[in-house]
Colleague: 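There's a structure below that I have some questions on.
This one's a predicted model, so the numbers in the text were calculated from it and none came from an experiment. Residue numbers begin at 1 in each chain, while the letters A, B, ... track the order of the sequences.
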Amino acid sequence: MSALLEVDDLATHYAGRGGIVRAVDGVSFSLAAGEVLGIVGESGCGKSTLGRTILRLLAPTAGTIRFQGEDITRLDRQAMGRHRRDMQVVFQDPFGSLNPRHRVSEIVGEPLAVHRIGDRAARAARVAELLAMVGLPPDAQRRYPHEFSGGQRQRIAIARALALEPRLLIADEPVSALDMSIQSQIINLLAGLRARLGLAMLFISHDLSVIRHVSDRIAVMYLGRIVEIGPAAEIFAQPAHPYTQALLSAVPHTDPSRRRARILLSGEMPDPVNPPAGCAFHTRCRHAEPRCATARPDLTARRVDDLAARDVACHLLEPRP
Amino acid sequence: MDADAPLLSVEGLGVAMGGVAVLEDVSFAIAPGETLGLVGESGCGKSVTALSIMRLLPEPPARIASGRIVFDGTDLLDLDAERLRAIRGDRIAMIFQEPMTSLNPVFTIGDQIGESLIVHRGASRAAARAEAARLLDLVGIPAAASRLDRYPHELSGGQRQRAMIAIALACKPRLLIADEPTTALDVTVQAQILDLIARLRRELGMAVLLITHDLGVVAEFCDRVAVMYAGRIVEEAPAAALFAAPGHRYTEALLRSMPAANAPGRELPSIPGSVPPPAARGAGCAFAPRCGFVAPRCRAALPPLGAPPHRLRCWHPAGAA
């Protein structure tokens, strides 16, 4: 099966204070139709920039983005329009992403109007259907965003994102601003919609428990690059990259049986304006060897143990012949 | 003073905001050297509780309507502004979620650490500066002496939080109130900061009141936990006992809804609805409208909090016959 989305050696650099910020710096992965890929990493790792670049909200510096078989890396606005229908986004902040002066019916119906889909009556029927699908009452249509709680606002944003029946949903920290008791409601909603609509998702989050729950595969990012990518269950069972190991070990758990021996990293993530040479993680890695400071390890299939292999960017793991 | 007496005892604390009760009958105690976690979702009253202890609530619109806050034998509610100032930053210190808003941007880190030593201890400038360097070193800021003359914006988020901890520790407080101290930080930096607070607590023998929404942090960091919901403490117990066998139906439902407690991909047992606003909490248990075990009595009458060591404000607790 061909991939829905293929990203190859993608880079997004921009001018920041003190120089060029290499926010995304050589990222490659593919996403199949209906698949959920979790992108996880800490602030400054480039995960949000990656999502925005794929959406073409930011201009890529290098590399290619293929969506539904077509290279969309440099498509102009008009040509991109056809793909926008199939690629939608939900952001973290449901307060900032909804126009406060518009009624919910206008917000959710806007993509239909922009793409001139159906007449007024057909659009109204579709809006009602979408609101039901995300679990909002019919009378929500006539109300304004400020009349809703954070969780309900996120439902509105999801209804809008689904209006055009996209094939790919980029969800950028969609539950991070929500209270604990509301997070699970929205996670269930997204998982249910994915199953029902066959949606593929790029699920971007810093929350490892959420990522593990929703993702088929996971990509771990550090300083603009993927350091490890593979099936979610395998990575959580046996993280291979030293950064992934430290990241998973840092998550506090209520269940003592889930706790891992904590690997405390020293310092913080280096400045993406001046990333370290070689492996960007070597300055904080307890296993670093001299070559880690000079040669950048490729993200390639490497032996994790006698049986398993995974795509990991670490010199300490031997490439699988 | 009695050796078994608590360091801090909050008794029947009630706070109203613009005439509406936001905190009702909040009672808990912290022993010298103990760590108590105060956990709950936004609006539950955990931060209002912390600010009440420090008498930092804006009064008006806030008003402490009832109760006592006894610290080391003195009811803080009886003290005038001058005597409160003598305790704040000296014997009780507080750190906040966002160090950028609580550090003063126009003073150097060294000046801000030294200030409380000059004010509370009458230290000379030179002595305060030397002690500030020692404190920065203690909280793990590299090349501490050379950072004394830096301004807050010149430090990273994790370093600012460390600097704020250094300020809080300057006078060796007996109680540290930490209000979401790691919420704005990445998970690997959170692990560093929690490790630091735990180490300092052991070395200095101070008690910690940790306020957070993160159940995992509380489970791993605290001796005891108090769970708040809609302005009241609903459950309080030793951390291990509470997470192994939650009694209140809210605590139970919250723990069961967490992604980490469920098999990946499974529908999460989420809590329906949302937290009621202060004016709509009803006469009975405020969780009754969302509770799967609700009975007529739950809506009619507020359950009492019960007796230690496992206090519960629930008519039909989990695990009861």
Side-chain angles (χ1 to χ4, degrees), chain A residues 36 40-45 135 148-152 175 177-189 191-192 194-195 206-216 232-233 236 243 246-256 258-259 262-271 284, chain B residues 39-44 140 142 156-159 182 184-192 194-196 212-221 225 229 239-240 242-244 246 250 253-275 277 287 290:
Chain A
V36 178
V40 67
E42 301 182 279
S43 7
C45 75
F148 295 90
S149 66
Q152 287 174 317
V175 301
L178 305 176
D179 262 320
M180 289 178 287
S181 72
I182 307 301
Q183 280 199 4
S184 52
Q185 297 174 4
I186 299 299
I187 291 170
N188 283 345
L189 173 65
R194 177 238 176 154
H206 72 283
D207 188 322
L208 287 142
S209 301
V210 172
I211 281 278
R212 175 172 192 257
H213 192 78
V214 302
S215 308
D216 301 314
F236 273 86
Y243 175 64
L247 190 63
L248 295 192
S249 83
V251 178
H253 285 285
T254 57
D255 176 357
R258 299 194 84 97
R259 290 175 196 160
R262 191 146 290 162
I263 304 164
L264 278 185
L265 294 179
S266 58
E268 289 167 54
M269 200 182 288
D271 186 353
R284 307 170 73 195
Chain B
V39 68
E41 300 180 271
S42 36
C44 73
S156 70
Q159 287 183 341
T182 59
L185 303 176
D186 278 314
V187 65
T188 61
V189 182
Q190 165 173 283
Q192 295 171 353
L194 290 177
D195 181 67
L196 170 67
T212 178
H213 69 282
D214 190 318
L215 293 164
V217 167
V218 163
E220 293 201 11
F221 189 79
V225 181
Y229 186 79
L242 184 133
F243 289 106
Y250 169 64
L254 204 53
L255 285 170
R256 290 178 58 180
S257 76
M258 292 172 63
N262 290 272
R266 287 287 179 78
E267 182 170 355
L268 301 172
S270 67
I271 304 174
S274 52
V275 180
F287 187 60
R290 307 175 74 190

Colleague: For atom CZ of B/Arg256, decide whether the heavy atoms of other residues, nucleotides or ligands shown that lie under 6.0 angstrom number more than 12.
Modeller: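 It does not: B/Arg256 CZ has 12 such atoms or fewer within range.
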
Colleague: To the nearest 0.5 Å, tell me how far A/Ile187 CD1 sits from B/Leu268 CG.
Modeller: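 Here the interatomic distance stands at 5.5 Å.
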
Colleague: With a 4.5 angstrom heavy-atom cut-off, which part of B/Ala244 approaches chain A: side chain, backbone, both or neither?
Modeller: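 Neither part.
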
Colleague: Which atoms of B/Leu254 are under 4.5 Å from chain A, going by heavy atoms: the side chain, the backbone, both sets, or neither?
Modeller: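 For B/Leu254, the side chain is the part near chain A, not the backbone.
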
Colleague: Contact part of B/Leu255 toward chain A, heavy-atom cut-off under 4.5 Å: side chain, backbone, both or neither?
Modeller: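 When you check distances to chain A, only side chain atoms of B/Leu255 fall under 4.5 Å.
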
Colleague: Please report the shortest heavy-atom distance between A/Arg259 and B/Ala219, naming the atom on each side.
Modeller: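 Looks like NH2-CB, 3.6 Å.
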
Colleague: Counting only N and O atoms by type, is there a donor-acceptor contact under 3.5 Å from the side chain of A/Arg258 to the main-chain atoms of B/Ala260?
Modeller: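 Yes; judged by distance alone, with no hydrogens or angles, the pair exists.
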
Colleague: Looking only at heavy atoms, what is the nearest atom pair of A/Ile182 and B/Ser274, with distance?
Modeller: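 For A/Ile182 and B/Ser274, the tightest heavy-atom pair comes out as CD1-CB, 4.0 Å.
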
Colleague: Restricting to non-hydrogen atoms, name the atom on A/Thr254 and the atom on B/Gly216 that form the minimum distance, rounded to 0.1 Å.
Modeller: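 Minimum heavy-atom separation between A/Thr254 and B/Gly216: CG2-N, 3.8 Å.
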
Colleague: Enter the distance from B/Ser156:OG to A/Met269:CE here, rounded to the nearest 0.5 Å.
Modeller: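 So the OG of B/Ser156 and the CE of A/Met269 are separated by 11.5 Å.
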
Colleague: What option among A/Ser209, A/Pro256, A/Ala232, A/Ser249 has the most heavy-atom pairs under 4.5 Å with chain B?
Modeller: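 Ranked by heavy-atom pairs under 4.5 Å with chain B, first place is A/Ser209.
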
Colleague: Sort out for me which of B/Gly273, B/Gly140, B/Gly43 touches chain A most, counting heavy-atom pairs under 4.5 Å.
Modeller: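 Most heavy-atom pairs under 4.5 Å with chain A: B/Gly273.
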
Colleague: Is the closest side-chain heavy-atom distance between A/Arg262 and B/Glu220 below 4.5 Å?
Modeller: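 Yes, at least one pair of side-chain atoms sits under 4.5 Å.
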
Colleague: Let me confirm one number: the CD-CG distance from B/Glu267 to A/Asn188, rounded to the nearest 0.5 Å.
Modeller: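 It is 4.5 Å, given to the nearest 0.5 Å.
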
Colleague: Heavy-atom cut-off 4.5 Å, strictly under: side chain, backbone, both or neither for A/Ser215 against chain B?
Modeller: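 For A/Ser215, neither part sits under 4.5 Å from chain B.
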
Colleague: Assess the residue pair A/Ser184 and B/Ile271 against the criterion (side chain to side chain contact (heavy atoms under 4.5 Å, CB included)); give the C-alpha distance rounded to whole Å, side-chain angles, the decisive distance to 0.1 Å, and a yes or no.
Modeller: CA-CA 8 Å; A/Ser184 52; B/Ile271 304 174; 5.8 Å; no

Colleague: So, taking the atom named CD in A/Gln183 and the one named OG in B/Ser270, what distance separates them when rounded to the nearest 0.5 Å?
Modeller: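 One gets 12.0 Å once the value is rounded to the nearest 0.5 Å.
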
Colleague: Below 4.5 Å, heavy atoms only, C-beta onward: do B/Glu41 and A/Ser181 meet side chain to side chain?
Modeller: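 They are in contact (side-chain heavy atoms under 4.5 Å apart), so the answer is yes.
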
Colleague: Could you tell me which portion of B/Gln159 (side chain, backbone, both or neither) has an atom closer than 4.5 angstrom to a non-hydrogen atom of chain A?
Modeller: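 For B/Gln159, the contact with chain A is made by backbone and side chain together.
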
Colleague: Using a cut-off of under 4.5 Å on heavy-atom pairs, state which of A/Asp179, A/Val251, A/Ile263 scores highest against chain B.
Modeller: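 Highest number of heavy-atom pairs under 4.5 Å: A/Asp179.
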
Colleague: Could you measure the distance from the NE2 atom of A/His206 to the CG atom of B/Leu185? Nearest 0.5 Å is fine.
Modeller: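 So the NE2 of A/His206 and the CG of B/Leu185 are separated by 11.0 Å.
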
Colleague: Specify which of B/Ala240, B/Gly158, B/Ala239 makes the most heavy-atom pairs with chain A at under 4.5 Å.
Modeller: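 Looking at each option in turn, the highest pair count goes to B/Gly158.
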
Colleague: How long is the straight-line distance from CG of A/Leu265 back to OG1 of B/Thr188, given to the nearest 0.5 Å?
Modeller: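 These two atoms lie 5.0 Å from each other.
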
Colleague: Name the member of B/Ser257, B/Ala253, B/Ala263, B/Ser42 that forms the most heavy-atom pairs with chain A at distances under 4.5 Å.
Modeller: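 Most pairs with chain A among the choices: B/Ser42.
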
Colleague: Work out which heavy atom in A/Glu42 is nearest to a heavy atom in B/Val187; give both atom names and the distance.
Modeller: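 Taking every non-hydrogen atom into account, OE2-N, 3.4 Å.
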
